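One structure is given here, and the rest of the page talks about it.
The structure displayed is predicted, hence computed values, not measured ones.
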Amino acid sequence: EVGRENVLYIHVTLVPYISAAGELKTKPTQHSVKELTGLGIQPDIIVCRSEKALTRDVRAKIGLFCNIPADCVFENLNARSIYEVPLMIHEEGMDERVCRLLGIPAPEADLTEWRGMVERLLTPERDVRIAIVGKYVELPDAYLSIVEALTHGGIAHHAKVRVEWVAAESVTPENAAEKLAGCGGVLVPGGFGERGLEGKIAAVQYAREHGVPFLGICLGMQMAVVEYARHVLGLTGAHTSEVDPNTPYPVIDLMPDQRDVTAKGGTMRLGAYPCRFTPEAVRAPAAYGAQEISERHRHRYEFNNDYRTVLTSKGLTLAGLSPDGHLVEVVELPEHPWFVGVQFHPEFKSRPNKAHPLFREFIRAAKRYREASL
């Protein structure tokens with residue numbers, strides 16, 4: 001019946017272990033399934049989160065009182081990494097059971113690549129410390145996609161990435177060296193609002209001047225442009241008009257065709273957009289192994305084209321542009337060991353067994369920087 005309807009109900013529950021009694025307690029699972037059935041939902045599979053392995057008797061008991069076959073009761077023990085869970089589920093045979101219940105013919109799963117990825121993750125050969133300079137560091141989940149993408153980059157190099165959370169508001173030109181000491185790379189993520197921007201600019205300046213690998217994402221790329229305008233071109237007061245409408249040098253600004261748009265969200269650039277690398281680009285096309293890419297965006301303000309000539313004349317490379325050449329998507333510093341800023345969000349396309357090219361190469365550069373400095 002499940003196969004005909006192509007519907008499968010999987011109930012994930014907790015089976016606590018009472019150490020004083022030395023036994024697993026199934027009552028919470030029984031009660032939760034009772035509540036579900038009262039709502040008209042009968043689980044087809046029950047996955048039991050537990051710190052101890054489920055015995056055959058425990059599985060039979062859960063199956064009996066929850067009205068499902070005992071071989072549809074699976075354990076999900078504590079894992080060393082979330083990426084180990086698919087392997088554990090496969091060992092339990094749950095994937096095969098799901099396919100059988102849904103009537104889906106499937107070959108034997110080949111998890112060789114995934115096993116290799118998990119092995120590299122769990123047995124790193126080196127550590128790499130990356131400073132994330134943001135204003136939400138007290139709530140690390142705000143940067144979860146970035147942290148995972150950094151982890152993926154580390155897996156590609158058999159390295160453990162250790163994130164150093166640096167509150168942007170606490171960074172100044174005077175203490176940047178102290179705040180970022182020991183880090184192999186500096187990442188300035190996206191965000192909105194004025195708080196912490198000067199600290200992000202100070203972090204960019206430190207990375208640029210000291211040859212520390214740098215990756216700027218969205219607002220991070222914009223602050224890299226602001227920093228370059230201020231400290232290389234001498235454009236004192238250069239800023240983004242998003243937070244300083246009166247800046248004398250709005251190197252980041254709304255495009256002319258956006259200024260008359262008043263509908264909510266009308267000025268946002270959302271979703272995937274193509275980007276073509278310029279002949280001058282070095283780092284980004286080498287990472288991607290391609291001349292044209294597509295990446296996801298979420299922002300309003302852009303690189304101000306009025307400052308293209310003056311910025312490029314002083315060494316900033318416009319490495320990636322929209323296909324019509326109108327929008328700047330990637331900036332680089334060719335004389336720097338690894339300095340890349342992107343207007344898009346590459347972290348959204350990273351995968352554990354296929355690290356995003358920019359994160360992979362950022363971690364490679366950070367690893368080399370730290371090894372050279374030891």
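With hydrogens and angles disregarded, a donor-acceptor distance shorter than 3.5 Å links the side chain of H299 to the backbone of Y301. Without hydrogens or angle criteria, S350 side chain to E347 main chain gives no donor-acceptor distance under 3.5 Å. Of the possible polar contacts, one joining the T172 side chain to the N175 backbone as a donor-acceptor pair under 3.5 Å is found. Between the side chain of H157 and the backbone N or O of R360, at least one donor-acceptor pair lies under 3.5 Å. For H336 (side chain) and W338 (main-chain N/O), a donor-acceptor pair under 3.5 Å exists by modelled atom type. A donor-acceptor pair under 3.5 Å is formed between the side chain of E332 and the backbone N or O of R283. Although no hydrogens or angles enter the test, the distance criterion places no donor-acceptor pair under 3.5 Å between the side chain of R97 and the main chain of I45. Between the side chain of D253 and the backbone N or O of P250, no donor-acceptor pair lies under 3.5 Å. D44 contributes a side-chain N or O that, together with a main-chain N or O of Y9, makes up a donor-acceptor pair within less than 3.5 Å. Under the 3.5 Å distance criterion, the side-chain polar atoms of T37 are left unmatched by any main-chain donor or acceptor of I41.
Linking ILVMFWY side-chain heavy atoms closer than 4.5 Å, directly or via other members, places F192 and L254 in two distinct hydrophobic clusters. L180 and V161 fall into different hydrophobic clusters, where Ile, Leu, Val, Met, Phe, Trp and Tyr residues are linked whenever their side-chain heavy atoms come under 4.5 Å apart, directly or through other members. The hydrophobic cluster containing F339 also contains V133, counting ILVMFWY residues as joined when their side-chain heavy atoms lie under 4.5 angstrom apart, directly or transitively. Side-chain heavy atoms closer than 4.5 Å link hydrophobic residues (I, L, V, M, F, W, Y) into clusters, and following such links, even through other members, never connects V47 to L24. Linking ILVMFWY residues whenever their side-chain heavy atoms come closer than 4.5 Å, directly or via other members, leaves V212 and I132 in distinct clusters.
Nearest heavy atoms, L54 versus S50: CD1-CB, 4.0 Å. What you find for K314 and V232 is that their closest heavy atoms are O-CG1, 4.1 Å. Closest heavy-atom contact between Y17 and G22: OH-CA, 3.4 Å. Between V251 and A229, the shortest heavy-atom contact is CG1-CB, 3.9 Å. Taking each heavy atom of C218 and G190 in turn, the nearest pair found is CB-CA, 4.1 Å. When every heavy atom of A287 is checked against every heavy atom of P357, the shortest pair comes out as O-CB, 3.4 Å.
Of the charged side-chain nitrogens involved, at least one lies within less than 4.0 Å of a carboxylate oxygen, so that E92 and R59 count as a salt-bridged pair. We find that R300 and E242 are not joined by a salt bridge, their nearest charged nitrogen and carboxylate oxygen being 4.0 Å or further apart. A salt bridge does not link E75 with R56: none of the charged nitrogens is closer than 4.0 Å to a carboxylate oxygen. A salt bridge links D127 to R162: at least one charged side-chain nitrogen sits closer than 4.0 Å to a carboxylate oxygen. Using a 4.0 Å cut-off between charged nitrogen and carboxylate oxygen, E23 and K25 count as a salt-bridge pair. The residues E329 and R269 are annotated as salt-bridged, a charged nitrogen and a carboxylate oxygen being separated by less than 4.0 angstrom. Under a 4.0 Å N-O distance rule, the pair E113/R120 does not qualify as a salt bridge. Looking at E227 and R230, no side-chain N of the basic residue comes within less than 4.0 Å of a carboxylate O on the acidic one, giving no salt bridge.
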What do the steps show when you test L321 against R276 for side-chain contact (heavy atoms from CB on, under 4.5 Å), and what is the final call?
CA-CA 5 Å; L321 305 174; R276 289 178 183 167; 5.9 Å; no

Criterion side-chain contact (heavy atoms from CB on, under 4.5 Å) on I252 and V226, from CA distance to verdict:
CA-CA 8 Å; I252 303 297; V226 169; 4.2 Å; yes

Quick one, Y143 with E148, criterion side-chain hydrogen bond (donor to acceptor under 3.5 Å, both in side chains). Give me CA distance, side-chain angles, the key distance, then yes/no.
CA-CA 9 Å; Y143 302 112; E148 288 302 304; over 6 Å; no

Run the side-chain hydrogen bond (donor to acceptor under 3.5 Å, both in side chains) check on Q222 and Q343 step by step: do they pass?
CA-CA 7 Å; Q222 295 177 359; Q343 185 61 80; 3.2 Å; yes

Test log, rule side-chain contact (heavy atoms from CB on, under 4.5 Å), inputs S145 and F348
CA-CA 7 Å; S145 296; F348 295 149; 3.9 Å; yes

Using side-chain contact (heavy atoms from CB on, under 4.5 Å), reason through L333 and L316 one step at a time and then give a plain yes or no.
CA-CA 6 Å; L333 292 179; L316 185 70; 3.7 Å; yes

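Counting heavy atoms from C-beta outward, V166 and V137 have side chains that stay 4.5 Å or more apart. Side-chain contact between H297 and L270 is absent, with no heavy-atom pair separated by less than 4.5 Å. Annotation: side chain of L233 is not in contact with side chain of Y249 (no heavy-atom distance under 4.5 Å). With a 4.5 Å cut-off on side-chain heavy atoms, S322 and Y273 do not count as touching.
Taking the ring centroids of Y83 and H152, they lie under the 6.0 Å cut-off. Here H356 and F362 keep their ring centres 6.0 angstrom or further from each other.
We find the NZ-CG distance between K349 and L358 to be 10.5 Å, quoted to the nearest 0.5 Å. C72 SG to M94 CE: the interatomic distance, rounded to the nearest 0.5 Å, is 10.0 Å. In this structure, I293 CD1 and C275 SG are separated by 4.5 Å, a value rounded to the nearest 0.5 Å. Rounding to the nearest 0.5 Å places CG of L101 at 9.0 Å from CD of E96. Atom CD1 in I217 sits 11.0 Å away from atom CG in L219 (nearest 0.5 Å). Within the model, atoms CD1 of I46 and OG1 of T26 stand 10.5 Å from one another, a figure rounded to the nearest 0.5 Å.
Residues S373 and R370 have side chains that bring a donor and an acceptor to within less than 3.5 angstrom of each other. Using a 3.5 Å distance cut-off with no hydrogens or angles, the side chains of T55 and D57 do not pair a donor with an acceptor.
A 6.0 Å sphere centred on NZ of K135 holds more than 12 heavy atoms belonging to other residues, nucleotides or ligands. More than 12 heavy atoms of other residues, nucleotides or ligands lie within 6.0 Å of CD in E125, so this atom counts as buried by the packing criterion. The environment of CD1 in I82 is sparse: at most 12 heavy-atom neighbours from other residues, nucleotides or ligands sit within 6.0 Å. Around the CZ atom of R115, the shell of radius 6.0 Å holds more than 12 heavy atoms that belong to other residues, nucleotides or ligands. By the 6.0 Å contact criterion, CD on E194 is open, its count of non-hydrogen atoms from other residues, nucleotides or ligands being 12 or less.
Y206 pairs by the ring pair (Phe, Tyr, Trp, His ring centres under 6.0 Å) definition with H210, not counting sequence neighbours.
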